[in-house]
Amino acid sequence: MNPDDISHFHKILEGKMREVNRNTKVPKFVRRIELVHKRSIMYYQQQQSHPFLKIVVALPTMVSGCRGILDKGIQIDGLGMRSFMTYESNVLFALRFMIDCNVVGGNWIEVPAGKYKKTSKSLSNCQLEFDCLYSELISHAAEGEFSKMAPFRILSFDIECAGRKGHFPEPTHDPVIQVANLVTLQGEDQPFVRNIMTLNSCSPIVGVDVMSFDTEREVLIAWKEFIREVDPDIIIGYNICKFDLPYLIERAATLGISEFPVLGRIRNSRVRIKDATFSSRQYGTRESKEVTVEGRVQFDLLQVMQRDYKLSSYSLNSVSAHFLSEQKEDVHHSIISDLQNGNAETRRRLAVYCLKDAYLPQRLLDKLMLIYNYVEMARVTGVPLSFLLARGQSIKVLSQLLRKAKEKNLVIPNVKQAGSEQGKYEGATVLEPKAGFYEKPIATLDFASLYPSIMMAYNLCYCTLVTPEDVRKLNLPPECINKTPSGETFVKSNLQKGILPEILEELLTARKRAKADLKEAKDPFEKAVLDGRQLALKISANSVYGFTGATVAQLPCLEISSSVTSYGRQMIEHTKKLVEDKFTILGGYEHNAEVIYGDTDSVMVQFGVPTVEAAMKLGREAAECISGTFIKPIKLEFEKVYYPYLLISKKRYAGLFWTNPDKFDKMDTKGIETVRRDNCLLVKNLVTECLHKILIDRDVPGAVQFVKNTISDLLMNRMDLSLLVITKGLTKTGDDYEVKAAHVELAERMRKRDAATAPNVGDRVPYVIIKGAKGAKAFEKSEDPIYVLENNIPIDPQYYLENQISKPLLRIFEPILKNASKELLQGSHTRSISISTPSTGGIMKFAKKQLTCIGCKTLLSNSDRTLCSNCKGREAELYCKSVSQVSELEQLFGRLWTQCQECQGSLHQDVLCTSRDCPIFYRRKKAQKDMAGAKTQLDRWSF
DNA sequence: ACTCGGTCCTAT
DNA sequence: TAAGATAGGACCGAGT
């Protein structure tokens with residue numbers, strides 16, 4: 001193309017753009033077209049560069065339209081209809097800008113003196129506002145002084161709404177009655193603003209600025225003004241993205257407060273709300289709302305928890321209990337209106353509750369060092385902070401790739417998405433386990449960062465991959481190429497160094513440095529930064545491989561990912577063989593070593609030696625000797641010894657974990673019930689306790705006895721309901737399920753009872769299995785634990801015995817105990833079935849309740865009211881028993897009540913909490929029911 | 001009684 | 001429009 005051709009091309013493109021954007025008033029769509037010399041990142045190419053056209057359009061939003069036109073093809077004189085491959089045309093503008101200016105998320109930027117001037121007309125609510133040419137910005141790498149964290153101003157807030165009875169609050173009906181705010185400077189441990197805005201009067205709260213208003217309108221406007229004044233950089237809260245923020249905005253719209261939704265830093269720019277769903281294999285499907293508040297990062301702690309931690313419940317209550325050992329009362333939304341409609345005292349009560357909901361997210365943010373970890377992740381990967389919660393994993397790798405490519409004068413093509421079916425490739429090898437209970441130490445050898453080191457060792461990259469056609473054509477000398485076990489060809493680094501290996505090298509070197517600096521660091525803030533950094537670097541290195549295999553992503557390259565796994569498979573097999581060939585009696589060792597298991601990057605070896613120390617010595621020797629057989633930087637490391645070791649099956653085992661020969665570090669369990677979220681606590685606790693007794697105490701009879709006691713407790717109905725709650729994630733919307741499952745059916749039933757509080761996609765559903773008709777399926781017998789408690793519905797202990805605890809126990813005990821099944825699941829303890837509370841539904845409604853003898857529970861004839869003829873004469877004794885039963889239960893209930901009062905922070909007010917996640921709540925409710933029952937019994941004596 | 005596919009969650 | 005990967009065990013419902 002000569003300059004005339006380009007100008008011609010420019011004209012045609014401009015015309016097409018005008019057709020597509022008919023309504024846009026812009027003098028010129030295509031601002032300029034330059035001829036540049038670049039190379040595509042795809043495939044090894046001998047030629048250094050080719051001419052490319054760089055097209056500059058007037059507005060960021062026009063890029064995709066322009067891409068569409070070029071994809072479809074345009075008519076060019078003399079060439080006919082031509083379509084064009086576009087490169088980097090789908091890069092989000094913010095990211096494009098940052099990459100071009102060499103700016104990463106969370107870094108420091110200097111605007112040099114004399115290079116900026118005050119704006120003539122203020123466009124923002126920012127504290128400083130000026131004009132500066134983008135190319136004058138100086139971006140500072142996060143080192144030395146510039147690795148420090150900015151003193152972000154963080155607002156944590158929570159709102160309360162007055163819902164109507166039996167309905168979840170809706171912004172079109174229900175008023176916002178309170179808004180609690182805390183403002184904290186990053187790095188300080190106390191908020192410098194603590195206030196609450198209430199509708200109607202509210203009694204004073206120590207240390208809190210209480211602002212009461214007569215109308216809801218005033219509350220909302222006060223909050224809006226507060227935001228402008230405080231000017232927070234980061235807005236946090238719990239579920240603010242899906243609930244609090246959209247609620248405030250929609251409520252203001254309902255009330256016609258047109259000035260409300262100006263919450264960002266751009267003057268007069270209104271906040272917009274969009275429904276959003278996020279869906280990925282890793283994070284699951286989740287519905288949310290996209291609210292744009294310019295210049296302020298929304299950092300929803302709920303999203304953080306769901307992404308970073310695998311928990312069985314994500315309620316603020318449960319999360320706070322888990323991380324802060326601090327409970328929070330869970331007040332049902334229907335009670336909130338009653339508190340609001342009371343007096344200044346009850347509203348104060350509500351305000352305290354609301355403030356706590358604003359306070360806990362800030363505590364979580366501090367405790368988990370989230371600002372440090374997220375800012376470091378943004379710095380390492382280069383994406384803006386907001387992407388880390390709003391986007392997936394792949395944008396982070398892409399950002400690094402784009403930056404590196406720019407440095408190397410490479411461009412990244414927009415490839416069409418391949419079908420999902422052909423996108424399958426073979427993964428890692430899991431060695432066939434020799435299941436059993438091992439009472440000799442098992443040494444574990446691990447490859448360090450296996451996949452990254454494979455990519456580095458064999459120079460696997462987009463730009464080193466040789467197409468099959470080029471393999472034939474180019475005739476590359478064998479010493480310059482690697483043929484991978486999966487049959488692909490990549491050139492070695494002397495011909496072309498891969499940029500993926502280069503990125504990985506930098507990440508891993510940076511991590512080593514961060515870890516070394518961390519050791520030296522004294523200042524706790526500096527430590528937090530460095531620890532966050534090394535974590536971010538590790539995660540980033542590990543996700544590069546996944547990015548290449550992600551078929552529904554920007555730049556899948558299965559040649560790379562399948563080569564990585566194929567080398568991995570070869571290596572684990574090689575390692576197993578080497579260990580078993582070298583460590584033999586013939587080879588001069590005392591025993592023949594045996595690889596009993598291995599998964600992806602590890603092998604478990606029984607060297608046959610009796611002591612941990614000896615196993616460690618051999619493990620180290622093996623690691624060193626085998627590492628030598630691999631190309632750098634692939635390294636096999638000796639990490640730990642398991643002793644004893646219980647190997648159940650692939651991906652399922654337990655053992656004591658030793659890193660030094662004097663004392664074991666911990667009990668380690670993988671894959672079994674103890675680490676899974678979809679088992680009830682009863683199973684988890686039982687299995688953990690048994691493993692503890694077997695592995696640590698070496699007390700198998702003790703474990704057996706414990707099982708027997710537990711089963712007996714279960715069948716006698718002495719089990720706390722909170723131990724029987726099973727939770728499972730709701731991964732798709734109701735209609736998309738193809739088979740009936742307990743948690744899905746329950747969610748559907750709950751939706752019919754109260755649509756607003758029923759679980760949504762992405763939520764976890766807690767349930768228990770209740771008694772049902774004979775042969776009823778589990779999905780027919782699942783029920784909401786709270787509903788069970790409130791309606792006194794009997795649970796099904798047999799289900800828990802047969803479907804929950806028996807198989808996991810047998811899997812553990814069978815390798816250890818002869819006749820495990822007989823020992824554990826048959827015998828007197830399984831026959832002690834109690835008469836459980838009869839169902840209140842169905843046929844039992846019509847049955848006349850007949851009294852039983854207080855002494856021996858036999859049915860009474862109509863003439864007797866308290867005791868049967870046999871028990872008559874024991875009145876004094878049995879009456880005393882009734883009295884003491886009542887008093888015991890009263891005491892128990894009192895203790896639990898006080899505990900709940902302490903939790904809610906007030907000892908002279910009613911307890912309102914109904915938390916599904918709190919064991920105390922279940923016990924308190926049960927004690928209340930039992931107490932009522934015992935009182936009824938006692939009353940019968942008055943005849 | 002058995003198999004098979006759907007679902008969930010974990011290991012690496 | 002955007003969404004890291006595959007291997008694998010356990011359970012359950014549904015069909016044979």
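A, B, ... follow the sequence lines: proteins, then strands. Residue 1 opens every chain.
- Contact check on A/Glu290 versus A/Arg272 returns no salt bridge, with no Lys/Arg side-chain nitrogen under 4.0 Å from an Asp/Glu carboxylate oxygen.
- One interatomic measurement links the two molecules: CG of A/Leu500 to C1' of C/dG4, which rounds to 13 Å at whole-angstrom precision.
- Just one residue in the list A/Val397, A/Ile560, A/Asn414, A/Ile41 forms a side-chain contact (heavy atoms from CB on, under 4.5 Å) with A/Leu555, and that residue is A/Ile41.
- Rounded to an integer number of Å, the gap from A/Arg286 CZ to C/dT1 P is 24 Å.
- More than 12 heavy atoms of other residues, nucleotides or ligands lie within 6.0 Å of NZ in A/Lys434, so this atom counts as buried by the packing criterion.
- Look at CD on A/Gln282: it is 18 Å from P on C/dA2, rounded to the nearest Å.
- Proximity of A/Asn803 to the phosphate of C/dC12: a side-chain N or O atom is located under 4.0 Å from OP1 or OP2.
- At the heavy-atom level, A/Gly549 lies under 4.0 Å from the strands shown only through sugar-phosphate atoms.
- Residue A/Ser649 is classed as a sugar-phosphate contact, given heavy-atom separations below 4.0 Å to backbone atoms only.
- We find that A/Glu573 and A/Lys576 are not joined by a salt bridge, their nearest charged nitrogen and carboxylate oxygen being 4.0 Å or further apart.
- The interatomic distance linking A/Ile539 (CD1) with C/dA5 (C1') rounds to 16 Å, in whole Å.
- The stretch residues 447-458 of chain A does not touch DNA chain C, since none of its heavy atoms comes less than 4.0 Å from the strand.
- In this structure, the side chains of A/Val380 and A/Leu507 come closer than 4.5 Å at one or more pairs of heavy atoms.
- The nucleotide whose nearest atom lies closest to any side-chain atom of A/Lys650 is, among C/dC11, C/dG9, C/dG4, C/dG9.
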Exercise for review: Go along nucleotides 5-12 of chain B 5' to 3' and tag each nucleotide: B for a protein heavy atom under 4.0 Å from its base, S when only backbone or sugar atoms are that close, - otherwise.
Suggested key: -SSBBSBS

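- Whole-Å rounding puts the A/Tyr283 OH to C/dG4 C1' distance at 9 Å.
- Atom C1' of nucleotide C/dT1 and atom CG of A/Asn414 are separated by 13 Å, given to the nearest angstrom.
- Annotation: cation-pi pair A/Arg307/A/Tyr283 present, NZ/CZ under 6.0 Å from the ring centroid and within 45° of its normal.
- Between A/Arg811 and C/dG9, a side-chain N or O to OP1/OP2 separation shorter than 4.0 Å is absent.
- In this structure, the side chains of A/Gln306 and A/Leu302 come closer than 4.5 Å at one or more pairs of heavy atoms.
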Practice item. Quick one: do A/Arg676 and A/Glu673 satisfy salt bridge (Lys or Arg N to Asp or Glu O under 4.0 Å)? Show the steps, please. Key: CA-CA 5 Å; A/Arg676 293 181 63 90; A/Glu673 289 72 19; over 6 Å; no

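- A/Lys274 places its NZ atom 12 Å from the C1' atom of C/dA2, with the value rounded to the nearest Å.
- Residues A/Thr381 and A/Phe387 have side chains not in contact (no heavy-atom distance under 4.5 Å, counting atoms from C-beta outward).
- The same atom, C1', is picked in B/dT12 and in C/dG4; the two are 14 Å apart, to the nearest Å.
- Contact check, A/Ser394 against C/dG4: a side-chain N or O comes under 4.0 Å of OP1 or OP2.
- Counting to the nearest Å, the P atom of C/dA10 and the CD1 atom of A/Ile726 are 17 Å from each other.
- Salt bridge status for A/Lys740 with A/Glu780: absent, with no side-chain N to carboxylate O gap under 4.0 Å.
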